[in-house]
Structure formats: structure tokens, C-alpha cells
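Beneath this line is the structure, given in C-alpha cells, with notes to follow.
Because the structure is a prediction, the values reported are computed rather than measured. Protein chains get the first letters and strands the later ones, always in sequence-line order, with residue 1 at the start of each.
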4 protein chains.
Amino acid sequence: MAGSSIGTIFKVTTWGESHGTGLGVVIDGCPAGLALCGDDIQRFLNRRKPGQSRYATPRREDDAAELLSGVFEGRTTGTPISIAVYNKNQQSKDYSEIASYYRPGHADFTFDEKYGFRDYRGGGRSSGRETIGRVAAGAIAAKLLAELGVTFTTYTRSIGPVQVSDDRFDAEEIGKNPLCMPDALAAENAAAYLDACMAEQDSSGGVIECVIHGVPAGIGDPVFDKLDAALAKAVMSVGAVKGFEIGDGFAVARATGRTNNDAFCRAADGTVAKKTNHAGGILGGISDGSDIVLRAAIKPTPSIAAPQRTVNRDGEEIDISIRGRHDPVIVPRAVVVVESMAAITVADAMLVNMSAKMDGVMKFYG
Amino acid sequence: MAGSSIGTIFKVTTWGESHGTGLGVVIDGCPAGLALCGDDIQRFLNRRKPGQSRYATPRREDDAAELLSGVFEGRTTGTPISIAVYNKNQQSKDYSEIASYYRPGHADFTFDEKYGFRDYRGGGRSSGRETIGRVAAGAIAAKLLAELGVTFTTYTRSIGPVQVSDDRFDAEEIGKNPLCMPDALAAENAAAYLDACMAEQDSSGGVIECVIHGVPAGIGDPVFDKLDAALAKAVMSVGAVKGFEIGDGFAVARATGRTNNDAFCRAADGTVAKKTNHAGGILGGISDGSDIVLRAAIKPTPSIAAPQRTVNRDGEEIDISIRGRHDPVIVPRAVVVVESMAAITVADAMLVNMSAKMDGVMKFYG
Amino acid sequence: MAGSSIGTIFKVTTWGESHGTGLGVVIDGCPAGLALCGDDIQRFLNRRKPGQSRYATPRREDDAAELLSGVFEGRTTGTPISIAVYNKNQQSKDYSEIASYYRPGHADFTFDEKYGFRDYRGGGRSSGRETIGRVAAGAIAAKLLAELGVTFTTYTRSIGPVQVSDDRFDAEEIGKNPLCMPDALAAENAAAYLDACMAEQDSSGGVIECVIHGVPAGIGDPVFDKLDAALAKAVMSVGAVKGFEIGDGFAVARATGRTNNDAFCRAADGTVAKKTNHAGGILGGISDGSDIVLRAAIKPTPSIAAPQRTVNRDGEEIDISIRGRHDPVIVPRAVVVVESMAAITVADAMLVNMSAKMDGVMKFYG
Amino acid sequence: MAGSSIGTIFKVTTWGESHGTGLGVVIDGCPAGLALCGDDIQRFLNRRKPGQSRYATPRREDDAAELLSGVFEGRTTGTPISIAVYNKNQQSKDYSEIASYYRPGHADFTFDEKYGFRDYRGGGRSSGRETIGRVAAGAIAAKLLAELGVTFTTYTRSIGPVQVSDDRFDAEEIGKNPLCMPDALAAENAAAYLDACMAEQDSSGGVIECVIHGVPAGIGDPVFDKLDAALAKAVMSVGAVKGFEIGDGFAVARATGRTNNDAFCRAADGTVAKKTNHAGGILGGISDGSDIVLRAAIKPTPSIAAPQRTVNRDGEEIDISIRGRHDPVIVPRAVVVVESMAAITVADAMLVNMSAKMDGVMKFYG
């Protein structure tokens, strides 16, 4: 298995290479009757489109999604939804140089080791363009979840040393700056930091935070399919992610039981709630009804213009300098990718959960 | 699906509750012909046994593994290996109190929400005892991997504020102190910190680090089944884990491309190697031949003696104080659990990888 | 993967060998809250017990099922249900002869080819005793389905040349004769036929028919997971089954569209029904609300006392004569096995089906 | 899960509707380095193309396969192979009539029951055109298997009452007559029979037989993933199949142990062989090195011109008469579909089998 599928009920399979004919995705198991049109998908895809600011590659990627199956008279039919995006930006470029050596921080070497050769054009299957299928599927998962009252707030938490301040947190701001930060001042400072990186032919990492609102208590399974474990896999499977946290994450290592436990309380509406949310909305792998809060650490773009040392396919050490149009930071464009993976995971978990109790099963069939 | 299975080829299914008849695991897909005996499993189980120091619950858990199937004349047969551990320590205790309320930081509330009721005796399925099946399976995975030259060094990286020092790192020390730290001085300081926590009726979190040696380049799959994503899921599925990192992890967020990229070089034996290992041994989801380095953030034991606020099943707010014999820190006993999950994941990935190339397939059948 | 798991939501994993410590099964994904006790399982197991007539091996198999997990206060908890049956009948027999050659019609040779060696004691994993786990799981699936109005009538359709007559069909009769035939006269004739087989040191095949009542329309999935395809896999996976039919089965090959199409009609209660049921209750892989009718062809017991030609492990041709206590016909004892596999399959399909429509999903979460 | 995926390592996912934008398939897990071009796929697709004789619908389906990903420089890359066929033959036909009622023998009613509505244009997802994806995947599986020495002979065994004679069996003949029969006289008689059916506005069923040559002993898994069970599922998942047999199939029900057991013998080359092949090449779910022989019963085309009784969506009984260009018999065009499903199943089983023994694993990684 080449590992291009994810999900138990809401099952997503992506395909495609950076510079092949196209990329796409098949979503199997989306319930029938969901209103869906090409625009729903395009809106999500546009959020990852490059060329929207000076902090993203100026490459034009006119990624137009074609809906090939699974939708009839404006609604999903319950059968597989196939979506393709054709690669229009395939420059008839000479790739012989890139084919001959291993770019540091890229998957060139590991693909060669695994498969014996690789599609070296623009990274092939390991390119960031692979996320197009994820985002198209994420758009559908998010639409499905919106019907169930589940929504997302996803943003850049930090870029290099520049952190968003909780005091200035303003969700409205996320869409207003090209760095997707919910804090105008942080966005300004991060822009300045990126300018400095670019001047140095360098790139920056950062952190993405995703808050999932409205997931009812009881979603996720104990043991191996814990909701946080499933989210971890989904998010860590995004190319540049090197770390994943839920709730307080690594900060729990320095916490104590007294500070880290969230006291249960009685909410105004009589339901059970928590006074704090160190747990990030998941206890024992199952959602507790609070917001689910997760973070992903994104590494700096490995493609930098500065000279680097590497080896070629003959095993000789050489100096290279990567040309071309690369994002100085991946974080802002990856925001919608992280949100998509979270949406796919939660949608699947909510569908799987429907058979958890005999009560629910008997009401369904009663 | 209640989520109790993991793996594609090397498939692990656990079962059992803390205070039911027993706990166990079925491992399906272990290759035939691996030398295996009960002792191989018992040795791993003993590493998670409580009662071995004052920093672990004094509860006696005489967990004796019974090998019920899948081994004949000292070797695995290729059919499912079933292992059971019977619960001998079931005190005829009154659980009615614990049944009536939701312990903060535990899964009592979420299980009730999901299933309508729960086995409240000692946490039931969400108890730390659930990891017995994981560790038994991990013992087999580790034995299999050892045959292939893959070994593990796993230890406590930090407890509360006390970090292991890289300068004093001594792998030999791990087995010598009850906190599994590769640094005698850190272990001493951590012990003092835990004494203080215990005096305050409090508990501590920490970080576990696992280094996997000898994984050949080419293991893991692109896209959703990246080796780091699979490791993230496996490790995050352990009860108290709230964060996961590979290589530099969250530190990449502040790094730049220049500092984070690992230059490739030519090793003494002519193979391709990396000068540094910020990537933690995985590029594009596929192992690169370097050590694989991962970390898990473990939350403080939620069962603390200090009084806590919560609600009961009727939704009334009450004060509780959890009695009983609880670990002041989970970290040392979880070291072998993290190692087990890593071993299960790598064993599966290496078996899955065998069909990656036609060359390999044709040599196998040729 | 050694292939010991089946099901997507209602997931069954069996383990164990004929003459090892025991055999068992883990059922993961059974909804919480189903009333269940050991007797529910034992009743099913008793239906496959040998020694109940002269047409079954006189071997005593006192298969007592132990319920090890997943049930609390008389109801399933939603977590894995583990059931074990210990082998009490392990005669300290000399198996060296059986180990040295390949019994015709058995899996001795193919296990050796696949795994390099085999647990030769009584057939090991390929023994009919492997079905104990299936039947224990089937008992739970059948209990779950009974709550949803789904019931089974399963019986011997033929033994050798002796067919049940539709005119004399009497469901009450199934439990009254040792051959599980719904036709007393056929049972008598079949008994006479078996007596003749036994006198010749020979054995007989037969056909099992299973009718599933009460499955609502809409269960099963199009394409690869068609309900009939899933039933085919489940039933064909039973050791001695060599053929599978749904509805008219192989007779459709000689039918025409006019005779084979089932006209839709309006039932008395206003719902849509079919005037005939050539389709066997499934159209396009999805249940149509009629009875589901399936048949399995069971081969003659391969262990016969008559002399047979075979080869030993050294590749020499030899004559053997299989001693011991073998069933002259497998069919009657396999009736409950086929019913169990059908129940597991339908239970899984009904749970999977719950997320087929947005209507259902929204009502569930609404 | 809408059930559109099959396979563990060699994983096939199909999508598409009869009269939507197109149909296609994603094959994930094909080993890297297999020589593959569009022609390999087109050749298989052409075998199921209609309009090739008077016994197939005169509809023109110019199904041109586009290879969208997973192949680079003429070889598979190990990443998903995406293939699409666009629907060019979408007549701007009025489907309102077909939308209003349920065609007997079709999935119209069951889709409506499951999903609440359906894509009624030409059968939508339940159309025979859905097999395009299967055949494209089958072409790749067959190419892969050919490299390993596995080949197929698949043909029409019977049409209505007309059977192929074993005495006249001539594999060369299969490609020479439009009915794919390995017996010229039978083909002639079957043609006459079909002429009579067509004159009666009726259709015919038949049987397809598939012989798989060169599968080494040891392929397939015990218990639920037996090779014959996997083949049964794969073949029964083809739309019109109502029965499945392996080896002697239903004839075993009348056989005895003496007649049905295949004696093992020593082959000329010193290996173990069988004197007969009643088992059809599989013992205990694992291939025994003999030819694998399977048969599928195909029902008569349900779309017949003769008037039929049915109900409309309002539940009223009406008379209908299906217009249009329908195959009087599905069998000849389904030959390549059955072969494709068999090839997909065997390819997957052979890849899965690579990790069955430690010997093999250690040699691979040694």
C-alpha cells in the first residue's frame, strides 16, 4: 500500500504528482444528500493558492477543481466523489540537474531509496501540490460538519520567533493579512522577520493552531483510534509538520496534576462542562464537548537560494544552489491544509460514532 | 469499530479492562519462524510493572503473560499470537463512589457520553492497564526488529522542570535509576522534585524520548501513511500523551532553512548519509537511514490526593479527593509503552515495504 | 496480515489452534448496551459441538466459552469482547506420523509451503475447531440482529444425492433430526446414505441453505462491498465451502430475463415488494427487503479411513490410511458456522449503513 | 464507507457513474518499476467494449483511458496510478420516465431506499459501465502477474442451455468468436439460442470460467482472507454475478471423500503435485501450485424489451417496456471483468504473502 488513503467511513484517497497530468482525490463514504457544488471546493483550494502575497511563491497555480462524479442535481449521491485538478503550469523546464542530486530537507533521497527511481519533476508526489487533494476533500468534510454544527478557526500561531498574542487575538484579522495571523501587530512583525529571511536567501518555520468548535462529547474511540491520535496522524502526514500537540501539549511535561486537571462543572444549561481546557477538548481519546485545540509545528521551507552542500546520485559531494520560485514560509498556505486534515478526521470519527450505542442503533432502525 | 486494532500487516488488537477477568492482545501477521517464548514477552511486561520504586504505585501487579496460540516448538507459526494476562489483583472494593462522579483528567465523563454507561472499576478500558496488550505486542515487534538489526534506546527526557543533560547522557544509566533517565544527576534531581510533588498530594508530567537505530532508508510511505505520521498516531494513542515530535519537533518553528536542513554527505563506507539529523531520520515520511528520534509529552497523573472540584452523574458540583495507590508520575512506566508502540509501527512499516519495488517482488518470487 | 480479521465496524478477530492451549475471538465494535451473557454464546457453540449423533465424530469437545472482557453488569460496554475456549481434549497423542506426510484434501501441504513448517497437531489453525471463534462471534451478531428484527433459518439443503423437498419443508423439523434437515423423510434418507458411506470408509458432501429474515431494504454497498459479495467472502472463508450462491444462484445461467426478473409490486401495507425472489433479496449489492437466501456447497470430509495415496515431506509417494474419529459429513455441524458468518456480515453492514444518508446523520446528531 | 475500494497492498478504488462526467480508478500500492503504458490498459478495456457483435449492445462506447498519474518514463513510480475515462456518449436523452419507476432486476429501488434518491441516468453507479475502473486496474494487475509467471485463460463456459464441451475445448477459439467460447460448435449453438431470445424480446444468462496458471504454492491466508474467499468476494462484487465456485464447486455436494480428495504425487521435477484438481488449486485457503479454477454464474440481462410489471416512485403498479440498446447477454463482455477481478485479487495476495516467513523477510533486508 502506497499509503494514499485515510479514513474508515469517510475515506479519502489522493493521487497525482506536481508536474504530471494532474492531481486529485476520491472521497468515498460521504453521506448522500449533502448539498455540494464546485464552488464549495474551489473556495477551499483558493486558500492554499500561491501568488497571493510576497510571502508566497509568485508561481501561478490556477487550480480549477473539476467535480467528476458522486454529485447529482446539486447533492452528493453517496457514491465516490472524484475531483481532479489538471496541472496547467508545467513549464517545459530542464529537470536534469535536479534529477542528478538530492536536495537537503526534501524527499529526493528517500524516494530513490524506496522505489529505485523517482519522478523528479518539481518533487513529484512529495511536492506540496500533493495537498490539493487533501484540501478538496477537506472542503467536503467541512461542509458536512457545518451541517452538524462543527466549525473551525485555524490560523498561524507563530512565524519564526514572532508569536500571536492572546491579548490581541482577533479572529476577524485572520483573513485580512497574508500571513493568516489573528493579530495585526504580530503579522506586521512576522512580515518584517520574513523580509530579513528572504534577504538572507533563507526561510522560516512556524506554528499553526486549529480550534474545532461544536464537536459533541463522545466522538473518538478508546485505545488506538483515539480522536487525538487520529488527528495526530492526519496532521503529521502533511509534508512539513514535525510536531503535534493537543491542548497544552508539551507544556504538560512541566505541569502538575493540580494545574493540568480540568475541573468539571455544571454549565448554565445544566450540561456538564469544564472550567478550563488544558486537555484541548479530548479525554481518553474521546471528545468532551469543549473546543478541540491542536497545534502543528511547520519546518522552514527546505528550498532556499543560499548555497548548500549535498551529494549527487553518484555519491559525490557537491555544492548546490536551488533556483526557482519558493515560498519563504509554508505556514500561511498550510493553514487550510491543517484545517482540511482536521475536518476529514472529525467527519470520519462522527460517522463511525453513530453505531457506538444500541440505543442509537435501535432508534435508527426502529 | 471500537478502535482496538492497529497495523496493516503486523496487526495488533488489544482487549480487556482494568478490573475485569483479564487483558490481552492478538497479534496477527507476525512472520512465521521467529523464535519466541513467554520470557520474551514477560521481560517487556516487567518494565511496566508497578511497585518497583517509591515513584510508582505500590500496587502489586503480578502480570504473568500466557501465550495461548501462534507459537509451536519455540517459533511463531504465522497465525495469530494470542496473549492473555489475568487480573489477579481485583480487590473486592466498593466502586460505588467512583461510579457516581467524573474524575477530572480521566475518561469517566467521555465514556459515559459515548456509550451511555461505563465499567467504572479502576477506569475499565481507559485504565493504564490497557497498555499491557501493547507492551506484549511490542515485545514481539522488538524481537522481530532485532533480527533485522533495528534496536531502541528509550528513556525519560524530563520530569517536570528537570531535563536530562546531553553532556551527561549515559545510556547505561537508564536501567540503573527508577526514573529511567540516562543521566544520574538528573534522576536525582527529578526524584527530589517528585518528593516535593508527593508531599503536596500532587503529580508531575514529563517527556519520553525514543531513538530507533538501524532502520534502513526507504521505510514508510508517502502521503497519509508517512512513517512519522504512523508513529505519531501510535504514540499519541497512549493514554497520557499530549504532544509528539519527530527530530527537532517544535523547535523547527523558530529555525530557518539554513539551520534546519541536513546536508547530505558521503559516509566512510560510500553510502549517502546526513551531516546532522534535525529531521529525526525521516524525510517526506520515509526513513533516511539515520537514527529516528521521537518524543512524547506525558501529562501529570490525573489521580491526585489533593481535593478537586467536579460534578456527579446527576450534574451536581461536588468536591472529591481520590484515594488509592497512584503513580506520582507516569513517565518511567510509560517508557516501555512508547517503545512498544514505536516497535509495532516500524515492524509493520518494514513488512509493508517489502512490495515497494518490482525488483524486490521479482527477486522474492524468482 | 494472517487474515484472521473480518468486518469494518463489527470487527471479528479469531485466534487459536486445534491442539494448542485454546481458541478464541475478539469482537471489536459491538455497540454498547446489548444484553449479553455467557449462555448466549454457549447456546451457539453447542450447535456445532460434536458427539451429538452417530453422524458426527464421537470426540468429546466440551467447549466452554469464557467471556473475558467487554461485558459489564450484563451489557456490552462498547469495548472489545474477548472470548476464549480452552482445549481440554488434547490427547497426548503421537503426531509424528501425521507430521511426516500431507493428507489429501487438507491444508498440510499448503501451510508448509507458505510458512516453512506447521503446527501439525490435529490440523492446527486449519482445523475445523478454528470455527469456534466464528460461532462465538456469530452468537453476538445474531443477538444484536434479533434486537433489530433480523432472524435466521439455516439448515441442511442436501447431503450427497438426498435433497430436501420444498413440499415437505418444515422449519420445526430442523432441530429434531441430527442432520438439521427441514424434512423428516429427507433426513431419514440422508441417514441411510451416510450409513452406506461409512460402511465404505467414505464421507459425503452437501449443501447448506441460510435464509435471513427481516433485513430492511438499503443494506449493503454498491461496487466492491456489495452485501452478496461480503456474504460470499464470509461464507467461502469457512474451511470446506467450495461454492456460494445467492437467490437462484447457478440456475440463473439457464434462465432468461423474463423468468429471472422479479416484478415489483405494492404490498398490502403500501410498501414496495417483489412478486418473486429469484434475486435472493439483494439487487445491485443492496438488500431489497425480501428474505436473503444463500447456499454454500460443502465438500466431503477429507479425512477418510479408506487408503489414500500421497507424498511425505521427503517427496516420496506413500499409501496412508487416516485413523481417528472423523465426521462422515461436515454439513450438519457447519450449519451454525454458515449462520454465524452470515450474521457477522449482516450486523456489520447494518452498522456501516447508518451513515449512508445526511438525513440519518443529522437526525442522529440533531 | 461506500465500498468502492478493494485490496490490502494492491488497493483499487473506483469512481464514476454511467452518464456523469466520467469513470475511473485509482490503484495504490502497485510496486515501482513495472513497465506500463496507456496501451496496456486500453487493450483490456477494448475486450469489454460494446458494439463488437450483434450479441452486444450496438451502443458505441469509445472508452479511451487517460493515465493521469503514477507512471514516469514508462514505469510505475510506486505512487497512485489514476486512470480516467470520460463519458463521450452522453445522449441528451430524457430520463424522466426511467427516473419515475423501478426497473425489475435493477438496483433502482435499492439505491433509492439506501440513499433517498439516485442518479437515474443509465443506472448511475450501478451501471455495467462501473466495471471500466475494474478492468483498467485488472490490466495493471495482469501485467504485474505476467512478470511473475501468472497468466489467465478466461472464457464463456455456457450461455443458457449451451455448454462448452471439454472434448472440443480449444483456447485459441476464445478470441475468434464473439461469445468468447473455447468451442466453435458451442459458440454457433449459443448464437442460435441468443437469436431466439432476442426474437422473444428476452435475454440469457451464462457461466464464465477463469483458469489462473502459474500461481506458486503458498499464496492466500488462512481463516477470513482465504484466497478462494477473496476471489469469491471480488467476483461476486461484479454486478450480475449470482454464484461462485472454486474447483468442483457445487458438484462436491454429491461427491464423496474418495472421489473428491486429490492424491498428492511426486512431479517429474521432484516437486509435490496433485494427480487431480477437484480442489481447484486451493487447499485451506492457500494456493497449492495447481491451476486455480473458478466459475461465476451470470444472470440474464435484466433490461429486456418485453413488457414487465413494476411500481413507480409513488408506489403504483404499472406496466413498462424498456427501450434502448441492451446486450441480450452480458456474459461475453463480462469475461474480462471476471479476469480483472481475479487478477487484482491474486496480485494483492502475492504482495501480501511476501512477509509470511522470517526467512523471506531476512533475505529481503539482509
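- Only the backbone of C/A296 comes within less than 4.5 Å of a heavy atom of chain D; no side-chain atom from C-beta onward does.
- With a 4.5 angstrom heavy-atom cutoff, D/Y193 touches chain C only via side-chain atoms.
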### Task
Might you work through the side-chain contact (heavy atoms from CB on, under 4.5 Å) test for D/E245 and C/F250, ending with a clear yes or no?
CA-CA 9 Å; D/E245 291 183 330; C/F250 274 84; 3.2 Å; yes

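- Residue contact with chain C, scored on non-hydrogen atoms closer than 4.5 Å, involves the backbone and the side chain of D/T256 alike.
- Counting heavy-atom pairs under 4.5 Å between each of D/S5, D/G123, D/A230 and chain C puts D/S5 at the top.
- Top candidate by heavy-atom pairs under 4.5 Å with chain C, chosen from D/G249, D/G280, D/G360, is D/G249.
- Heavy-atom distances place no part of D/V235 under 4.5 Å from chain C, backbone and side chain included.
- D/D314 touches chain C through its backbone: at least one of N, CA, C or O sits under 4.5 Å from a heavy atom, while the side chain does not.
- Using a distance-only test at 3.5 Å, with no hydrogens or angles considered, a donor-acceptor pair links the side chain of D/K114 to the main chain of C/G220.
- Of the listed residues (D/G270, D/P328, D/A232, D/G284), the one with the most heavy-atom contacts under 4.5 Å to chain C is D/A232.
- Contact count versus chain C (heavy atoms, under 4.5 Å) is highest, among D/V162, D/N260, D/V329, for D/N260.
- Heavy atoms closer than 4.5 Å to chain C are found in the backbone of D/D262, but not in its side chain.
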### Task
Could you give me the CA-CA distance, side-chain angles and deciding distance for C/D248 and D/K242, then say whether side-chain contact (heavy atoms from CB on, under 4.5 Å) is met?
CA-CA 7 Å; C/D248 283 5; D/K242 302 299 285 184; over 6 Å; no

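- For the atom pair C/E113 CD and D/N353 CG, the distance stands at 11.0 Å (nearest 0.5 Å).
- Remark: side-chain polar atoms of D/R266 are paired, donor with acceptor, to backbone N or O of C/G315 under 3.5 angstrom.
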### Task
Begin with the C-alpha distance, continue with both residues' side-chain angles, and end with the deciding distance and a verdict on side-chain contact (heavy atoms from CB on, under 4.5 Å) for D/F224 and C/M341.
CA-CA 10 Å; D/F224 301 122; C/M341 295 313 300; 3.5 Å; yes

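- In this structure, OG1 on C/T110 lies 11.0 Å from CD1 on D/I219, to the nearest 0.5 angstrom.
- Using a 4.5 Å cut-off between heavy atoms, D/K226 touches chain C through its side chain atoms alone.
- Only the backbone of D/I298 comes within contact range of chain C, with at least one heavy atom under 4.5 Å from a heavy atom of that chain.
- The two residues C/C265 and D/E317 have their closest heavy-atom pair at CB-OE2, 3.2 Å.
- Within the 4.5 Å cutoff, the side chain of C/N261 has heavy atoms near those of the D/Q308 side chain.
- C/R258 places a side-chain N or O within 3.5 Å of a backbone atom of D/E200 that can act as its donor or acceptor partner.
- Interface check for chain D: of the options C/S204, C/G239, C/A234, C/G206, the most heavy-atom pairs under 4.5 Å are formed by C/G206.
- By number of non-hydrogen pairs under 4.5 angstrom with chain D, the leading residue of C/K233, C/E316, C/K274, C/M236 is C/K233.
- For D/T271, no part lies under 4.5 angstrom from a heavy atom of chain C.
- Counting heavy atoms from C-beta outward, C/V223 and D/R134 have side chains that approach closer than 4.5 Å.
- For C/S287, the part lying under 4.5 angstrom from a heavy atom of chain D is the backbone only.
- Neither the backbone nor the side chain of D/R157 comes within contact range of chain C, judged by heavy atoms closer than 4.5 Å.
- Both the backbone and the side chain of C/V12 come within contact range of chain D, each with at least one heavy atom under 4.5 Å from a heavy atom of that chain.
- Nearest heavy-atom pair across D/G257 and C/P300 is N-CB, 3.3 Å.
- In this structure, C/P104 and D/F264 approach most closely via the heavy-atom pair CA-CE1, 3.9 Å.
- With a 4.5 angstrom heavy-atom cutoff, D/T131 does not touch chain C via any of its atoms.
- When D/S237, D/A107, D/G205, D/G243 are compared by the number of non-hydrogen pairs under 4.5 Å with chain C, D/S237 comes out ahead.
- Across all non-hydrogen atoms, the minimal contact from D/A356 to C/Y115 is O-CD2, 3.8 Å.
- When D/C197, D/A255, D/P161 are compared by the number of non-hydrogen pairs under 4.5 Å with chain C, D/A255 comes out ahead.
- Contacts of D/I282 with chain C are made by backbone atoms alone, with heavy-atom separations under 4.5 Å and no side-chain atom involved.
- With respect to chain D, the highest number of heavy-atom pairs below 4.5 Å among C/Y102, C/Y101, C/F109, C/F111 belongs to C/F109.
- Only the side chain of D/K275 has a heavy atom closer than 4.5 Å to any heavy atom of chain C.
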### Task
Take D/F117 and C/K357, measure what side-chain contact (heavy atoms from CB on, under 4.5 Å) needs, and give me the verdict at the end.
CA-CA 10 Å; D/F117 80 122; C/K357 280 191 280 206; over 6 Å; no

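- Contacts between D/M358 and chain C at a heavy-atom distance below 4.5 Å are absent for every atom of the residue.
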